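Atom set for the values below is all heavy atoms of this structure, side chains included, hydrogens, waters and symmetry mates excluded. First listed ligand is number 1; within each ligand, the first listed atom is number 1. Only a predicted model underlies this, so the values are computations on that prediction, with no experimental measurement involved.
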Amino acid sequence: MSLEKVILVTGGSGLVGKAIEWVIENDNGKYGKQDGEKWIFLTSKDGDLRSAEATRTVFEKYKPTHVIHLAALVGGLFKNMKYKLDFLRDNLLINDNVLHTAHEHKVKKVVSCLSTCVFPDKTAYPIDETMIHNGPPHESNFGYAYAKRLIDTQNKAYYDQFGDNFTSVIPTNVFGPHDNYDLQDSHVIPGLLHKCYLAKKDQTPFVVAGTGKPLRQFIYSRDLAKLFIWVLREYKEIDPIILSVGEKDEVSIKDVANAIVKAVDFKGDYTFDTTKPDGQYKKTASNAKLMKYLPDFQFTPFEVAVKESADWFIKNYDKARTGNH
Ligand code: NAP
Ligand code: GFB
């Protein structure tokens, strides 16, 4: 059996990378590993992709035919607000090194990862793929947002000048096993899961940051993983595609806290610390383009996914990325 595809996943050890690895190894349906595919999941120990030389060394070692590019400096609202320049520079360097080295190695396809926070803050809703460059992103994460937007611009420039097949996806907020649970740097679901777990264990108050009013769409990492695999194998456009649950599945941060209290079986009270920022009020995205391609795609119900994520975190607390709490 000839090896048709060598698929390199940068950022393979993170939340999304681990979910793709799990689906490739465990899905017996159309998303699992196919004949002729070799999957390689990178960590930053394989090479710091901010370095052009280290990036070339990785590509020379694995000689990929296809790349899923996930590696990035990633974090929740509070980390983004604190390190805007690092989010801009690190991600600009990583993205330019990966895309240009993929070009030099004549990689057949690259699928990169943006985020719905790249869209303009002042916009019509629901947001769709055509609105990416229509105005400034939210103040809280402009460093990350502009670096991610430029991936779309880079993809179009490589296609325009060389015909490279470099595309991208735009997920909403992601959560699941293998997340980052650091109490300061994490996103809301892993952050609140960790806080609620500690509040139950130590019988201390469970405090949710902000007012609880902001609205978000959340996609389970294992659902996103299946969509990434479909994009790699089937999606033919250079233009990006939003990967998200529908607008009707948007929930408030208070709903998120309630789901976590239930999943962790926390019996105590919880309060809101309204001295903490809410960030962007909402970034409601349309998944109409995705639903045109995959009208029957089944998303895991939110509460089921939160429960599975909580069970994984509690079972793996000792090896999880808890920020050495
Ligand atoms: P994550 O859990 O923080 O994982 C980040 C990955 O990138 C890890 O594998 C890390 O390697 C690697 N990495 C970081 N800096 C690197 C460097 N300088 N050189 C090489 N590798 C490096 O992130 P994630 O949540 O899975 O995010 C994956 C992708 O999805 C990112 O592009 C992110 O922007 C995008 N995204 C995430 C969300 C979300 O809610 N999480 C939402 C939308 C889009 P180590 O494990 O060795 O550190
Ligand atoms: O997930 P999160 O950090 O990211 O926060 P964003 C979502 C909302 O949860 C905010 C509230 O309104 C927070 O005030 N929140 C409540 C908490 N308690 C907590 C907590 O303990 N930890 C955190 N982190 N939030 C990010 C962007 O925005 O979305 C990133 O800054 C990236 O660049 C990511 O795009 C997907 O949804 O506000």
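Residue Leu42 has no nitrogen or oxygen atom sitting less than 3.5 Å from a nitrogen or oxygen atom of ligand 1, judged on distance alone. Distances between N or O atoms of Ser44 and those of ligand 1 include at least one value under 3.5 Å. No N or O atom of Pro171 sits closer than 3.5 Å to an N or O atom of ligand 1. The distance criterion of under 3.5 Å between nitrogen or oxygen atoms is met by Val16 with respect to ligand 1. Checked by distance only, ligand 1 and His178 stay at 3.5 Å or farther apart across all their nitrogen or oxygen atoms. Looking at Gly17 next to ligand 1, no N or O pair under 3.5 Å apart turns up.
A ring-centre distance under 6.0 Å is found for His194 and Tyr317.
Shortest contact from atom 23 (C) of ligand 2 to any protein heavy atom: Phe78 CE1, 3.4 Å.
Residue Phe87 does not touch ligand 2, judged by heavy-atom distances below 4.0 Å. Residue-level proximity to ligand 1 for Arg321 is carried by the side chain, the only part with a heavy atom below 4.0 angstrom. Here Ala209 has heavy atoms under 4.0 Å from ligand 2 in both its backbone and its side chain. Counting heavy atoms closer than 4.0 Å to ligand 2, residue Ile253 contributes side-chain atoms (C-beta onward) but none from N, CA, C or O. No part of Ser140 comes within 4.0 Å of ligand 2, judged by heavy-atom distances.
None of Val174, Thr172, Val256 except one satisfies the side-chain contact (heavy atoms from CB on, under 4.5 Å) rule with Phe218; the exception is Val256. Of the candidates Cys117, Ser115, Pro240, Pro240 is the only one forming a side-chain contact (heavy atoms from CB on, under 4.5 Å) with Ile170.
Distances from ligand 2 to the non-hydrogen atoms of Gly75 include at least one value under 4.0 Å. By the 4.0 Å heavy-atom criterion, Gly76 is counted among the residues contacting ligand 2. By the 4.0 Å heavy-atom criterion, His69 is excluded from the residues contacting ligand 1. Put simply, part of Leu114 is less than 4.0 Å from ligand 1, judged by heavy atoms. Distances from ligand 2 to the non-hydrogen atoms of Gln280 include no value under 4.0 Å. At least one heavy atom of Gly47 lies less than 4.0 angstrom from ligand 1. In this structure, Tyr144 has a heavy atom closer than 4.0 Å to ligand 1. Ligand 2 is never approached by Lys276 to a heavy-atom distance shorter than 4.0 Å. Residue-ligand proximity: Asp48 is placed with a non-hydrogen atom under 4.0 Å from ligand 1.
The residue from Ser115, Pro277, Gly210 that puts a heavy atom closest to atom 14 (O) of ligand 2 is Pro277. When Lys148, His187, Lys283 are checked for heavy-atom proximity to atom 28 (O) of ligand 2, Lys283 turns out nearest. When Asn141, Val208, Leu192, Thr211 are ranked by how near their heavy atoms come to atom 27 (C) of ligand 2, first place goes to Asn141. For atom 5 (O) of ligand 2, the candidate residues are Asp182, Val188, Val174; the nearest heavy-atom contact is made by Val188.
Under a 4.0 Å N-O distance rule, the pair Asp86/Lys84 does not qualify as a salt bridge. Lys283 and Asp121 are not joined by a salt bridge, as no carboxylate oxygen comes within less than 4.0 angstrom of a charged side-chain nitrogen.
Formation of a donor-acceptor pair under 3.5 Å by the Arg216 side chain with backbone atoms of Tyr281 is found in this model.
Which parts of ligand 1 touch Arg50 is read off a 4.0 Å heavy-atom cut-off, strictly below it: atoms 18 (N). For ligand 1, the atoms sitting less than 4.0 Å from at least one non-hydrogen atom of Ser13 are 8 (C), 9 (O), 11 (O), 45 (P), 46 (O), 47 (O), numbered in the order shown with element in parentheses. Close approach of ligand 2 to Ser186 is summarised as follows: ligand atoms under 4.0 Å from at least one heavy atom of the residue are 24 (N).
Using cut-offs of 30° and 60° for the angle between ring planes, the Phe175 and Phe302 rings count as perpendicular.
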